[in-house]
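For reference, the structure discussed in these notes is given below.
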Amino acid sequence: GAGVSQSPSNKVTEKGKDVELRCDPISGHTALYWYRQSLGQGLEFLIYFQGNSAPDKSGLPSDRFSAERTGGSVSTLTIQRTQQEDSAVYLCASSRSGGTNTGELFFGEGSRLTVL
Amino acid sequence: AQSVTQPDIHITVSEGASLELRCNYSYGATPYLFWYVQSPGQGLQLLLKYFSGDTLVQGIKGFEAEFKRSQSSFNLRKPSVHWSDAAEYFCAVGSWGKFQFGAGTQVVVTP
């Protein structure tokens, strides 16, 4: 697609429920990132996928969070047993890779999660 | 560990006036530095980036930034702001695979 696509754009859920957030990166981008943006906070790194390499999960805040990337393209971020503190905007970004690292991240518009 | 500090949470500027947003970083090696802008209801967009070379970097929308190694700073500037520059601005530092973002500076433009 033309840009990074995220769905849903808004999700309201009850505490304790599981949620799945989807990211469709720009075609041809091998790197994919998930960030979390809470009110008044900067962007918090969650996880990074690069090609077929093992993902860098060092930013995931707890074992309730997981992410996968199928076929090197679409990624799903799953939050199990959601808590109110999980309420935030979850941003996905993709980037090219290769011999020249442009370092530019292309962001989606985010999925706003509200946990009641 | 790498970190980014944006000292100003909120800045109000008159349309036509100059703007400077501060960014200080901590990084173990020569950093890659970025400024992103997030307009209301939109995703983050890259304004400019610094990898190496000329320390004064030109970006889109008339923005520029200057890398000062001695001060560990990468401040963003615009000589004359437009109402459409009202947005949140994020400084970021990092290298391939992990980027650290600052908390952002909200810019309000008054007539």
Side-chain angles (χ1 to χ4, degrees), chain A residues 1-7 9-10 23-26 29-51 53-60 69 88-112, chain B residues 1-10 21-27 29-53 57-60 63 65 67 74 87-106:
Chain A
V4 177
S5 177
Q6 291 189 246
S7 61
S9 55
N10 269 289
C23 173
D24 198 346
I26 293 173
H29 282 192
T30 60
L32 187 147
Y33 303 76
W34 283 98
Y35 284 85
R36 179 168 68 175
Q37 184 177 24
S38 303
L39 190 63
Q41 309 274 330
L43 276 69
E44 175 188 5
F45 168 79
L46 297 178
I47 188 168
Y48 159 63
F49 296 89
Q50 173 56 55
S53 303
D56 178 349
K57 305 180 181 180
S58 60
L60 295 178
R69 189 177 185 194
V89 177
Y90 289 82
L91 295 170
C92 177
S94 69
S95 183
R96 299 186 194 95
S97 68
T100 301
N101 173 12
T102 69
E104 177 176 359
L105 302 183
F106 293 81
F107 283 86
E109 293 188 16
S111 292
R112 180 176 298 278
Chain B
Q2 60 193 44
S3 66
V4 181
T5 302
Q6 293 181 245
D8 304 305
I9 297 171
H10 187 273
L21 304 182
R22 295 182 290 165
C23 173
N24 294 99
Y25 67 89
S26 172
Y27 197 72
T30 301
Y32 292 168
L33 295 157
F34 308 83
W35 275 99
Y36 284 84
V37 60
Q38 187 177 35
S39 299
Q42 298 188 21
L44 279 82
Q45 180 185 21
L46 181 71
L47 282 176
L48 47 78
K49 60 189 176 187
Y50 171 79
F51 287 172
S52 64
V57 180
Q58 302 297 320
I60 62 171
F63 284 92
F67 170 59
F74 188 56
E88 189 156 22
Y89 293 79
F90 293 92
C91 181
V93 63
S95 61
W96 194 242
K98 190 172 292 185
F99 298 92
Q100 185 80 28
F101 284 78
T105 298
Q106 185 72 44

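Convention: sequence-line order gives letters A, B, ...; per-chain numbering from 1. Side chains are part of it too, since the values below use all heavy atoms of this structure and drop only hydrogens, waters and symmetry mates. These numbers come from a predicted model, not from an experiment.
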Salt bridge (charged side-chain N to carboxylate O under 4.0 Å, His left out) partners of residues 30-39 of chain B, not counting sequence neighbours, each pair once: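 Passing the test, one end in residues 30-39 of chain B: no pairs.
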Q37(A), part contacting chain B, at a heavy-atom distance under 4.5 Å: side chain
Region of S9(A) in contact with chain B, defined by heavy-atom distances below 4.5 Å: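 Interface part for S9(A): neither.
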Shortest non-hydrogen contact from E104(A) toward F34(B):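 That would be N-CE2, 4.4 Å.
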F99(B) versus Y35(A), closest heavy-atom pair with distance: O-OH, 3.1 Å
Side chains of Y36(B) and L105(A) in contact at under 4.5 Å (non-hydrogen atoms): yes
Crowding at CD1, I9(B) (>12 non-hydrogen neighbours, <6.0 Å): no
Heavy-atom proximity to chain A below 4.5 Å, by part of Q6(B):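 Neither the backbone nor the side chain of Q6(B) comes within 4.5 Å of chain A.
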F107(A) CZ to L46(B) CG distance, which is reported to the nearest 0.5 Å: 9.5 Å
Results of salt bridge (charged side-chain N to carboxylate O under 4.0 Å, His left out) for E44(A) - residues two or more places apart only: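 Salt bridge (charged side-chain N to carboxylate O under 4.0 Å, His left out) list for E44(A), sorted by chain: R36(A).
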